[in-house]
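Each remark here refers to the structure printed beneath this line.
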Amino acid sequence: MLRLATLLFLSLVSLPLFAQEEEQPAPRPAPKVPASAVPLNKQETILLDKEKKTILLKSTVCLREGVLEMLVCPKQTKEHESIFTLDGKAQVVHAGLLAAGAEPGHPARFSPEFVKAAGTKIDIFVNWIDDEGKPQRTNAQEWVRHATQRYFEAPLEFVPEGVRLAEGNDAIRYDDVNKELLFFGPMTPELKEKFLGMSKDASYQKAIESLAKQGEFKKIEADFVFAGSGFLDRGDGAQVYAAEGGSLICVANFGDALIDVNIKSSASNDAGLLFEPWTERVPPAGTEVLLELVPVPEAKGQDSETK
């Protein structure tokens, strides 16, 4: 645990202290909503397309860099760790999914042992208008990747003669306590060639190859499922829908998730389970998008995980 905390701390201090202010591009038009879609809330941001059995969410890009807990969060909740924000209630999304034929299962369980989230599979698609004014559509998983803005490590008993260690994001470091070579973030082909050229030692060469491989961009490999969240007692006899606190569509497991990934995922406990936006694919903050939530009927004879 101490070792992981140290690596995460090094990752944080290696990030720029001040984000450079970007020139804001002209607002892009919002994607068109099908005429068959019916609004489910007064803001008209949550819609049901009965013909296609699909829920539509008129959302906005709010994050392009950082560690993710959510794919989508309700407005003014977890925008600092979610790619999209929605001006609408999670409970209305839940009701819409029921109307579209989805069946809730359960959020992830953590005790006495981990049980992954379950429920009807939900395919999620992102619609937006690109820089050239053309409509685009992609699977939501294409915008989420395993975290790269962190330290990667590879075992190495000693640093061979000729290998130059230094500070900074473009340099290799050595942990002489844990006997590991460290590198922050993705390793460019040019840096990899430079590091490999420092020594022909086989163990060192293997460590550099490992660091380069670990830092490659990797898409999240998981499905989204209708976990169903739950209700919390407010203390005055009234109950509130738990996912209103932020857990609308999650990529890190939460016990109150409305929609979650069907794998073990974390926002803090294991660096290998962290996710981040695929920055190069996500349009500027403020871009309006239309998310499609499509329940996938369970195949006949398939064991159900919704119980």
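One-based numbering along the sequence shown. Predicted, not measured: the structure shown is a model, and the values here were computed from it.
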Problem set entry | Donor-acceptor contact below 3.5 Å, side chain N127 vs main chain L290 | yes
Exercise. Is a donor on one side and an acceptor on the other found under 3.5 Å between the side chain of E79 and the backbone of T77?
Worked result: yes
For this session: Run the numbers on E276 and E65 for side-chain contact (heavy atoms from CB on, under 4.5 Å), then give the verdict.
Result: CA-CA 7 Å; E276 66 187 18; E65 294 182 274; over 6 Å; no
For this session: Show the numbers, then the answer: is there a side-chain contact (heavy atoms from CB on, under 4.5 Å) between I259 and V72?
Result: CA-CA 10 Å; I259 296 175; V72 186; over 6 Å; no
Problem set entry | Heavy-atom closest contact (R64 atom, A285 atom, distance) | CD-N, 3.9 Å
Exercise. Hey, does L47 have a side-chain heavy atom less than 4.5 Å from the side chain of P39?
Worked result: yes
Exercise. Are any side-chain N or O atoms of D223 and backbone N or O atoms of N262, one a donor and one an acceptor, separated by less than 3.5 Å?
Worked result: no
For this session: Dump the intermediate steps for side-chain contact (heavy atoms from CB on, under 4.5 Å) on F152 and L182, then the final yes or no.
Result: CA-CA 6 Å; F152 297 98; L182 307 175; over 6 Å; no
Exercise. With no hydrogens and no angle check, is any side-chain donor or acceptor of S265 less than 3.5 Å from a backbone partner on V251?
Worked result: yes
Exercise. Any side-chain heavy-atom pair from Q149 and V67 closer than 4.5 angstrom?
Worked result: no
Exercise. Any side-chain heavy atom of D130 sitting closer than 4.5 Å to one from P283?
Worked result: no
Problem set entry | Heavy-atom donor-acceptor pair, Q214 side chain to E153 backbone, under 3.5 Å | yes
For this session: May I ask you to decide if V289's main-chain N or O and S59's side chain share a donor-acceptor pair within less than 3.5 Å?
Result: no
For this session: Give a yes or no on whether a salt bridge exists between E288 and R28, defined as a side-chain N under 4.0 angstrom from a carboxylate O.
Result: no
Exercise. For the ring pair Y151 and F183, is the centre-to-centre distance below 6.0 Å?
Worked result: no
For this session: Mind listing the closest non-hydrogen atom pair of D260 and A257 along with its distance?
Result: CB-CB, 3.9 Å
For this session: Would you name the heavy atoms of N253 and A108 that are closest together and state the gap between them?
Result: CB-CB, 3.8 Å
Exercise. With no hydrogens and no angle check, is any side-chain donor or acceptor of Q136 less than 3.5 Å from a backbone partner on W128?
Worked result: no
For this session: Take H94 and F226 through the test side-chain contact (heavy atoms from CB on, under 4.5 Å) and record every step on the way to the result.
Result: CA-CA 9 Å; H94 184 128; F226 182 19; 3.7 Å; yes
Problem set entry | I46 versus N41, closest heavy-atom pair with distance | N-OD1, 3.1 Å
Problem set entry | SB check K52 E292 (cutoff 4.0 Å) | no
Exercise. What pair of heavy atoms forms the shortest contact from H106 to K116, and how long is it?
Worked result: CE1-O, 3.2 Å
Exercise. With a 4.0 Å cut-off, would you call E298 and K121 a salt bridge?
Worked result: no
Seminar exercise, completed: In short, S229 meets Y241 closest at the heavy-atom pair CB-OH, 3.3 Å
Exercise. So, T148 side chain and G185 main chain: donor-acceptor pair closer than 3.5 Å or not?
Worked result: no
For this session: Check whether any side-chain N or O of T138 sits under 3.5 Å from a backbone N or O of V126 as a donor-acceptor pair, and report yes or no.
Result: no
Exercise. T45 side chain to D87 main-chain N or O, any donor-acceptor pair under 3.5 Å?
Worked result: yes
Exercise. Are L291 and L71 side-chain neighbours, meaning at least one heavy-atom pair lies under 4.5 Å?
Worked result: no
